[in-house]
Q: 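Quick one: structure below, then a few questions.
For clarity, every value in this text was computed on a predicted model and none was experimentally measured. The figures here come from the full heavy-atom set of this structure, side chains too, leaving out hydrogens, waters and symmetry mates.
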Amino acid sequence: MVDSRRSELRELTIALRELAWAVHRRAPDRAGVGPLPTTELALLRQVQETPGATVGELAQQLGLQQSNTSAALRVLERRGYIVRRPHPSDRRAVQIEATEAGIREHEAIAAAWASALDGALASLSEDQLDALLAAVDALDALDNAVRTQPRATTR
């Protein structure tokens, strides 16, 4: 089925990429904090969704290299958004948890991103809004599939 819809799916992937780029460019920075790079934003969200995850688990969940994950976590820790706690059964590992400041920051960032879309969403027709709302489950499934598939290699 995917092969028979290849050109339509290509248009969808381009539309998703362009939308992500437009939202990312237009979302306001957090006052007094400055922008967090995409990796840190994604990690802060993932830490809140999977409290107690290890660095390796977070790297795997986001499809990142463990060294990049560690570096991004150091930034979040310096900002007071996460804490590292000893793993209860593996003394070599630590578990990562969001702090109250991290939770508040993530909520503020999410609100800022949403506000960047409010005007655009208000300009859509009811049918267009209905189509977007109906696609939320499918987009969540696509997000999960992208996160769990093996990383592509380039040559």
Q: What distance do D118 atom CG and S123 atom OG have between them, rounded to the nearest 0.5 Å?
A: 11.0 Å

Q: What distance separates T99 OG1 from R79 CZ, expressed to the nearest 0.5 Å?
A: 12.5 Å

Q: Taking side chain as C-beta onward, heavy atoms only, is L43 less than 4.5 Å from T69?
A: yes

Q: Within the 4.5 Å heavy-atom criterion, are H87 and V94 side-chain neighbours or not?
A: no

Q: Would you mind reporting whether V55 and R84 have side-chain heavy atoms less than 4.5 Å apart?
A: yes

Q: Give the C-alpha distance, both sets of side-chain angles, the deciding distance and a yes or no for side-chain contact (heavy atoms from CB on, under 4.5 Å) between E97 and I82.
A: CA-CA 5 Å; E97 295 179 12; I82 60 123; over 6 Å; no

Q: Does the side chain of L58 reach to within under 4.5 Å of the side chain of L73, using non-hydrogen atoms?
A: yes

Q: Could you tell me the separation between the CD1 atom of I96 and the CG atom of L44, rounded to the nearest 0.5 Å?
A: 12.0 Å

Q: Keeping the roles fixed (side chain from T50, backbone from V47), state whether a donor-acceptor pair exists under 3.5 Å.
A: no

Q: Can you list the steps and then say if E105 with I109 is a side-chain contact (heavy atoms from CB on, under 4.5 Å)?
A: CA-CA 6 Å; E105 184 64 15; I109 291 167; 3.7 Å; yes

Q: Is there side-chain contact between N68 and T39, with heavy atoms separated by less than 4.5 Å?
A: no

Q: Check the pair L16, L142 against side-chain contact (heavy atoms from CB on, under 4.5 Å), reporting the backbone distance first and the verdict last.
A: CA-CA 11 Å; L16 290 172; L142 178 61; 3.8 Å; yes

Q: Looking at CD of Q46 and CG of L62, how far apart are the two atoms once the value is rounded to the nearest 0.5 Å?
A: 4.5 Å

Q: Locate the shortest heavy-atom distance separating A101 from G80; write the atom from each residue and the value.
A: CB-O, 3.7 Å

Q: State, without any angle test, whether Q128 and S125 hold a side-chain donor-acceptor pair at a distance under 3.5 Å.
A: yes

Q: With a sphere of 6.0 Å drawn around CD of Q60, does it hold more than 12 non-hydrogen atoms of other residues, nucleotides or ligands?
A: no

Q: Before accepting this row, confirm whether a basic side-chain N of the pair E77/R74 lies closer than 4.0 Å to the acidic partner's carboxylate O.
A: no

Q: Calculate, to the nearest 0.5 Å, the distance between atoms CG and CG belonging to L132 and L19 respectively.
A: 8.5 Å

Q: How long is the straight-line distance from OH of Y81 back to CZ of R104, given to the nearest 0.5 Å?
A: 9.5 Å

Q: Would you find a donor on one side and an acceptor on the other, under 3.5 Å apart, between the side chain of T54 and the backbone of Q95?
A: no

Q: Hey, are the side chains of Q66 and E57 touching, using non-hydrogen atoms and a 4.5 Å cut-off?
A: no

Q: With a 6.0 Å cut-off (strictly less than), is the heavy-atom count around CD of E18, excluding the residue itself, greater than 12?
A: yes

